[in-house]
A.B. asks: 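Shown below is the structure under consideration.
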Amino acid sequence: MSDILTHTEAGVMTITFNRLDKKNSITAAMYATMADALQQAGADAAVRVVLFQGHETIFSAGNDIADFLNNPPAGDGSPVFRFLHGIATFPKPVIAAVSGPAVGIGTTMLFHCDLVYAGDNAAFSMPFVNLGLCPEAASSLLVPQMMGYHRAAEALLMGEPFMAEAALEVGLVNRIVPPTEVNALAQAQARKLAAKPVTALVETKRLMKKGQAAQVAQQMTEEGASFGRMLREPAAREAFGAFMEKRKPDFTKV
Ligand code: COA
């Protein structure tokens with residue numbers, strides 16, 4: 001079965017992370033599938049809302065570390081950047097249903113969703129520094145904006161998980177329910193939106209987002225250049241090597 005499932009019904013395209021044995025970590029091939037799905041969803045009048053979901057035990061462990069080492073993203077055309085650009089500029093509503101860990105891009109992609117529903121087991125983390133990397137998906141702009149600088153610094157410099165209640169408090173999450181109910185709630189909300197006039201949804205979203213669309217694009221480009229460079233540097237090599245070897249990283253020499 002595919003690592004990304006897409007299914008369209010009642011005006012809702014549901015995109016499901018389906019790689020449980022690797023904690024729904026995301027490979028370049030999976031980014032390409034999601035980027036293509038978003039492009040298709042944007043163009044298809046039968047799709048009025050997109051919903052991302054994972055499993056009740058895990059949303060996503062973020063980038064697949066081994067795949068990232070073997071296929072580092074190279075430039076704006078690479079699958080991860082196509083996906084990020086696609087979700088950041090997607091004109092119709094995007095909803096996420098998050099249970100369990102949402103690591104790295106599993107969290108940063110949520111800043112580009114319009115509604116986020118979370119299980120009470122949701123744990124959000126952006127451990128880029130711990131991997132010798134910098135933020136992506138314009139999170140270095142959007143996280144401080146949403147959370148305030150000090151909470152953002154804690155999330156992005158310490159890289160420790162914050163739970164669903166904290167995410168609700170800062171406005172990253174709309175509602176918390178038991179993990180077994182998250183996907184159903186998000187689907188019901190998506191169908192409610194899909195029954196509304198799509199022109200009004202699209203125009204309302206455009207008006208809310210237009211003030212900083214250019215800044216988001218610029219931040220993503222700058223982050224992408226740094227991220228790509230840092231991936232090849234000793235700190236990331238050590239962090240990724242340690243993950244693969246299931247040991248603690250040693251940053252004393254980098
Ligand atoms: N990339 C590649 N493989 C990953 C992965 C990732 N991001 N996250 C988990 N996996 C793999 C593990 O290597 C393991 O594979 P194995 O069974 O072949 O050994 C399998 O998924 C299960 O992971 P495990 O760590 O045992 O699960 P857990 O339930 O104890 O912990 C997480 C879940 C998500 C908390 C933990 O896996 C984790 O922290 N992953 C790394 C997250 C990360 O740093 N992402 C990169 C962000 S840029």
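The chain is numbered in sequence order, starting from 1. Since we're looking at a predicted model, the values are computed, not measured. Start at 1 and go down the list; that is how both ligands and their atoms are numbered.
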A.B. asks: I'd like to know if the side chain of D250 reaches the main chain of T252, judged simply by a donor and an acceptor atom lying under 3.5 Å from each other, with no hydrogens or angles considered.
C.D. replies: yes
A.B. asks: Classify the contact between N63 and ligand 1 as side chain, backbone, both or neither, using a heavy-atom distance cut-off of under 4.0 Å.
C.D. replies: both
A.B. asks: For P73 and S78, which heavy atoms make the closest approach, and how far apart are they?
C.D. replies: CB-OG, 3.6 Å
A.B. asks: Under a plain distance cut-off of 3.5 Å, with no hydrogens placed, do Y31 and N63 share a side-chain donor-acceptor pair?
C.D. replies: yes
A.B. asks: I'd like to check which ligand 1 atoms, numbered from 1 as shown, lie under 4.0 Å from a non-hydrogen atom of L131.
C.D. replies: 44 (O), 46 (C), 47 (C), 48 (S)
A.B. asks: Just jot down the ligand 1 atoms closer than 4.0 angstrom to any heavy atom of D21, in number order.
C.D. replies: 20 (C), 21 (O)
A.B. asks: Just by modelled atom types, is the I58 backbone N or O under 3.5 Å from a matching donor or acceptor in the S99 side chain?
C.D. replies: no
A.B. asks: Look at atom 40 (N) of ligand 1 and say which protein heavy atom is nearest, naming residue and atom and giving the distance to 0.1 Å.
C.D. replies: F243 CE1, 3.8 Å
A.B. asks: Is E203 salt-bridged to K210, going by a charged N under 4.0 Å from an acidic O?
C.D. replies: no
A.B. asks: Answer yes or no for M244: is there a heavy-atom contact with ligand 1 below 4.0 Å?
C.D. replies: no
A.B. asks: Among all protein heavy atoms, pick out the one at the shortest distance from atom 37 (O) of ligand 1; state its residue, atom name and that distance to 0.1 Å.
C.D. replies: K23 CG, 4.2 Å
A.B. asks: Out of all atoms in ligand 1, which are within 4.0 Å of some heavy atom of V103? Include the element for each.
C.D. replies: 42 (C), 43 (C), 45 (N)
A.B. asks: Does only the side chain of S25 get under 4.0 Å from ligand 1, or the backbone, or both, or neither? Count heavy atoms.
C.D. replies: side chain
A.B. asks: Determine whether any protein heavy atom is located less than 4.0 Å from atom 23 (O) of ligand 1.
C.D. replies: yes
A.B. asks: Does any non-hydrogen side-chain atom of Q212 lie less than 4.5 Å from one of Q145?
C.D. replies: yes
A.B. asks: Does some side-chain heavy atom of M147 sit less than 4.5 Å from a side-chain heavy atom of F162?
C.D. replies: yes
A.B. asks: Measure the distance from atom 11 (C) of ligand 1 to every protein heavy atom, then report the residue, atom name and distance (to 0.1 Å) of the closest one.
C.D. replies: K22 CD, 3.8 Å
A.B. asks: Would you please determine whether F68 falls within less than 4.0 Å of ligand 1 on a heavy-atom basis?
C.D. replies: no
A.B. asks: So between I58, T107, L133, I65, whose heavy atom ends up nearest atom 1 (N) of ligand 1?
C.D. replies: I65
A.B. asks: May I ask you to decide if the ring planes of F227 and F128 are parallel, tilted or perpendicular, using 30° and 60° as cut-offs?
C.D. replies: perpendicular
